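Just so it is clear, the structure is predicted and the values come from calculations on it, not from any experiment.
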Amino acid sequence: MKTYDQAEAQRRLWDQIEHHQTAMLGLDAAPRHTQPMTAFLERDKDRLWFFTRSDTDLARAVGDGRAAHLILQTKEVQAVVHGWLTLEYDRERIDRYWNAVVAAWYPDGKDDPGLTLLRLDCEQAEVWISEAGPIRFAWEIARANATGERPDLGGRKSLDFH
């Protein structure tokens, strides 16, 4: 199993979030609510932003702020990121992250009175990094079955963002 340092594991996590953007965002405590959301990353602040409407179940459940998590699964990285989720209207960020995909979900545009953002201040993450493409994956599975040893497909790292 490969060992990753904090910087490399964090870079790989952020790269995958920026590339794929969609992950499952959820609250840690009741009422539990998890749903797919599009993430906009601020690497220098270890912060993620999500568009939402103030009248959604998730926005109402967040209230003044809640412990939350983001679950990401790609071919290269699987991760759960924990942090503090708050509802925050920020026009500068709305303008910065607005794009055609976001606009499709908000037909009233950037001036929709219900449009707002969720901000996830990342605190900690568990990250699994896969180094195996399909050929190496098949080889490692065959080798593990033949030798009784575990497959070597990558590594795991706990991250602390503070």
* Asked: Do any N or O atoms from the side chain of Thr74 and from the backbone of Glu76 form a donor-acceptor pair under 3.5 angstrom?
  -> yes
Might you point out which heavy atoms bring [X] and [Y] nearest each other, and give the distance in Å?
X: Leu27; Y: Ala61; answer: CD1-CB, 3.5 Å
X: Tyr4; Y: Lys157; answer: O-CD, 3.1 Å
X: Asn99; Y: Val102; answer: OD1-N, 2.8 Å
X: Ser54; Y: Ala59; answer: O-CB, 3.7 Å
X: Ala125; Y: Leu13; answer: CB-CD2, 4.3 Å
X: Ala9; Y: Ile129; answer: CA-CD1, 4.0 Å

Grouping I, L, V, M, F, W and Y whenever their side-chain heavy atoms are under 4.5 Å apart, do [X] and [Y] come out in a common cluster?
X: Met37; Y: Leu87; result: yes
X: Tyr97; Y: Leu48; result: no
X: Leu117; Y: Leu120; result: no
X: Leu58; Y: Leu72; result: yes
X: Leu85; Y: Leu159; result: yes

Inter-residue atom distance [X].[atom1] - [Y].[atom2], 0.5 Å rounding:
X: Thr34; Y: Asp28; atom1: OG1; atom2: CG; answer: 9.0 Å
X: Gln6; Y: Arg11; atom1: CD; atom2: CZ; answer: 13.5 Å
X: Leu115; Y: Asp108; atom1: CG; atom2: CG; answer: 9.5 Å
X: Phe161; Y: Arg47; atom1: CZ; atom2: CZ; answer: 13.0 Å
X: Gln78; Y: Gln16; atom1: CD; atom2: CD; answer: 9.0 Å
X: Leu41; Y: His19; atom1: CG; atom2: NE2; answer: 14.0 Å

Should the heavy atoms of other residues, nucleotides or ligands under 6.0 Å from [atom1] of [X] be counted, would the total exceed 12?
X: His162; atom1: NE2; result: yes
X: Lys75; atom1: NZ; result: no
X: Asp64; atom1: CG; result: no

* To do: Answer yes when Glu42 and Arg93 have at least one side-chain N-carboxylate O distance shorter than 4.0 Å, and no when they do not.
  => yes
* Determine, for Asp15 against Arg43, whether the closest basic-nitrogen to carboxylate-oxygen distance falls under 4.0 angstrom. => yes
* To do: Measure the acute angle between the ring planes of Trp98 and Tyr106, then classify it against the limits of 30° and 60° as parallel, tilted or perpendicular.
  => tilted
* To do: Go through the steps for Thr52 and Val62 under the test side chain to side chain contact (heavy atoms under 4.5 Å, CB included), then give the verdict.
  => CA-CA 12 Å; Thr52 193; Val62 168; over 6 Å; no
* Kindly state each residue pair satisfying salt bridge (charged side-chain N to carboxylate O under 4.0 Å, His left out) with at least one member in residues 53-62, sequence neighbours excluded. => Arg53-Asp55, Arg53-Asp112, Asp57-Arg60
* To do: State yes or no: are the ring centers of Phe50 and Trp105 separated by less than 6.0 Å?
  => no
* Pair Gln10-Asp160, side chain to side chain contact (heavy atoms under 4.5 Å, CB included): steps then yes or no -> CA-CA 9 Å; Gln10 187 170 337; Asp160 184 358; over 6 Å; no
* Asked: Going through the distances and angles, do Asp121 and Asp46 end up as a side chain to side chain contact (heavy atoms under 4.5 Å, CB included)?
  -> CA-CA 6 Å; Asp121 292 305; Asp46 301 322; over 6 Å; no
* To do: Ignoring hydrogens and angles, state whether a donor on the side chain of Ser158 or Glu126 is under 3.5 Å from an acceptor on the partner side chain.
  => yes
* Asked: To which residues is Met24 joined in a hydrophobic cluster, defined by side-chain heavy-atom contacts under 4.5 Å among Ile, Leu, Val, Met, Phe, Trp and Tyr, whether direct or through other members?
  -> Ile71, Val80
* To do: Sequence neighbours left out, what pairs pass ring pair (Phe, Tyr, Trp, His ring centres under 6.0 Å) with at least one residue falling in residues 55-84?
  => none
